[in-house]
There are 2 protein chains.
Amino acid sequence: MPLNPVRRVNLAHDISAQLSQAIVAGDFPAGAVLSEPMLAKRLGVSRAPVREALIELETRGMVEFDERGRSRVPSLTHDDLVDILGIRIALEPRAASLAARRADPLAFIDLERNLDAMRAARTPTELARLDTAFHSGIVRASGSRRLHLCWNVVEHQVDLWLAQMQSRVDALCHQLRDTTVAAHAAMFETIRSGDALRAEELARKHLTDWLGVLPGTPVV
Amino acid sequence: MPLNPVRRVNLAHDISAQLSQAIVAGDFPAGAVLSEPMLAKRLGVSRAPVREALIELETRGMVEFDERGRSRVPSLTHDDLVDILGIRIALEPRAASLAARRADPLAFIDLERNLDAMRAARTPTELARLDTAFHSGIVRASGSRRLHLCWNVVEHQVDLWLAQMQSRVDALCHQLRDTTVAAHAAMFETIRSGDALRAEELARKHLTDWLGVLPGTPVV
DNA sequence: CACCGGGGTATTGTCGACAGTCGACCGGGG
DNA sequence: CCCCGGTCGACTGTCGACAATACCCCGGTG
């Protein structure tokens with residue numbers, strides 16, 4: 001057994017992840033104030049790691065600091081959603097292209113497992129989670145640390161969006177399930193085959209298609 | 001007199017900016033450990049705001065935490081540079097396109113002033129700083145908060161790169177000064193004219209050209 | 001000479017505490 | 001009735017302190 005090294009615990013990191021999940025789960029709706037004493041009390045820790053977690057989330061855009069230092073959950077509008085998709089259309093084709101060239105077998109089994117899970121997923125929430133995870137996997141497979149840093153921002157924004165527009169997302173996911181799985185499968189195969197140009201194009205098309213089905217979408 | 005509101009001070013934010021500048025100025029070379037007590041002592045503050053500043057810099061990739069929690073200045077390789085440029089080629093055309101559509105007059109005077117300063121700049125370091133600032137200005141002009149979050153990552157990486165490859169950058173800047181100014185001027189005019197497609201194309205070309213003059217560049 | 005164990009030092013992660021500040025609330029005066 | 005000042009409570013920003021841990025050097029031992 002490899003006996004992977006034990007990670008020195010860092011409460012701030014755990015708290016950051018927990019807060020992300022809580023926000024996505026709808027525990028803190030848009031506009032809610034995340035006061036440090038309240039979070040510290042609920043989590044059973046002191047304020048210091050809570051503060052650090054909030055700062056981390058702020059640089060990823062998952063909470064906002066107002067002029068008085070209070071952190072709030074940002075509330076997204078439809079324009080924000082289009083904005084996020086625009087960035088994804090810029091970043092993800094690059095990630096797909098790099099992933100196709102890097103061709104890391106370890107990442108492939110990750111992506112393949114995700115595809116299987118997606119085919120077996122039942123609830124729309126599960127489907128949405130797996131969808132985001134697939135795109136995350138491609139970014140990881142790109143092997144670019146900086147792309148991953150940027151993606152962290154985007155991913156948190158997508159999570160936020162999923163949390164705030166859940167009903168509409170659920171409907172869309174249900175409706176687009178088969179096409180999404182098919183698009184993912186095509187991207188996976190293309191990346192595995194090493195065809196960077198085509199992988200880039202597929203990623204762009206996949207996201208642009210998504211943009212097309214959004215109601216009231218302006219030209220982008 | 002407008003009496004603009006006084007900003008509530010936040011040491012962590014100041015420290016983050018100061019550390020950025022210090023790293024760029026070469027005060028902490030690649031691989032240097034940034035110990036919290038040392039920084040706190042030098043800055044005359046306690047460790048808490050220093051920690052928060054380091055966390056902020058870490059999410060932007062300007063420092064790295066090793067497995068023991070110590071923060072170090074990452075050392076960039078040539079591959080990293082190509083990686084950074086690849087992300088810029090993905091992000092900045094989008095920013096230019098948005099900026100052309102948004103057409104914020106306030107941002108225009110900012111960009112124009114930058115152009116003038118660049119024409120008057122004397123040292124290569126100054127030139128490099130203004131170059132980055134111009135690209136920052138375009139991202140700000142895009143009006144996308146999320147694009148700006150991503151750009152924060154990229155900008156810090158570019159700064160880091162400038163700090164670590166200063167000699168080569170200086171030579172390049174000197175050599176490419178006129179073409180860079182011309183390219184920036186063209187981008188500025190195109191953005192002001194509102195031609196989003198052409199602005200996007202110019203931004204891409206500008207960065208791709210830069211990629212071309214780097215020594216030993218692989219195909220991207 | 002090579003190897004091992006122990007003490008000292010430095011650093012991180014976390015905690016509780018304090019000052020400053022802001023908003024909410026209440027009572028009094030015009 | 002409306003406006004104003006004062007008080008209370010809550011929250012943020014910052015600080016110093018403590019335990020835990022890892023590194024470094026040094027002496028002892030086979």
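Just so you know, these numbers come straight off a predicted model, no measurement behind them.
Across all strands shown, D:dG5 forms a Watson-Crick or G-U wobble pair, both distances under 3.5 Å, with C:dC26.
For A:R47 and C:dG16, the shortest distance from a side-chain N or O to OP1 or OP2 is not below 4.0 Å. Applying the 4.0 Å criterion to OP1 and OP2 of D:dT12, one finds that B:N10 has every side-chain N and O outside that range. Residue A:R70 places no side-chain N or O under 4.0 Å from the OP1 or OP2 atom of D:dC11.
Residue A:M38 contributes atom CE, which lies 14 Å from atom C1' of D:dT12 at whole-angstrom precision. Atoms CG (A:D14) and P (C:dG13) sit 13 Å apart, rounded to a whole Å. Put simply, CD on B:E52 is 10 Å from P on D:dC15, counting in whole angstrom units. Protein atom CD1 of A:I55 is 10 Å distant from nucleotide atom C1' of D:dG13, rounded to whole Å.
One finds the OG atom of B:S16 at 11.0 Å from the CD atom of B:E52 (value rounded to the nearest 0.5 Å).
For A:R68, whose side chain is taken as the heavy atoms from C-beta onward, the closest listed nucleotide among D:dC15, C:dG23, C:dC15 is C:dG23. If you check C:dG13, C:dC15, D:dG13 against the side chain of A:S46, the one that comes closest is C:dC15.
Here the closest heavy-atom approach between residue A:R60 and residue A:Q157 is recorded as O-NE2, 3.5 Å.
Side-chain contact check for A:R101 and A:S97: at least one donor-acceptor pair (N or O, by modelled atom type) lies under 3.5 Å.
Proximity of A:H148 to A:N152: side-chain heavy atoms (C-beta onward) are separated by under 4.5 Å at one or more points.
A residue-by-residue look at A:A48 and A:S71 shows that A:S71 has its nearest nucleotide of DNA chain D further toward the 5' end. Comparing A:V45 and B:S35 along DNA chain C, the residue whose closest nucleotide (by nearest heavy atom) sits nearer the 5' end is B:S35.
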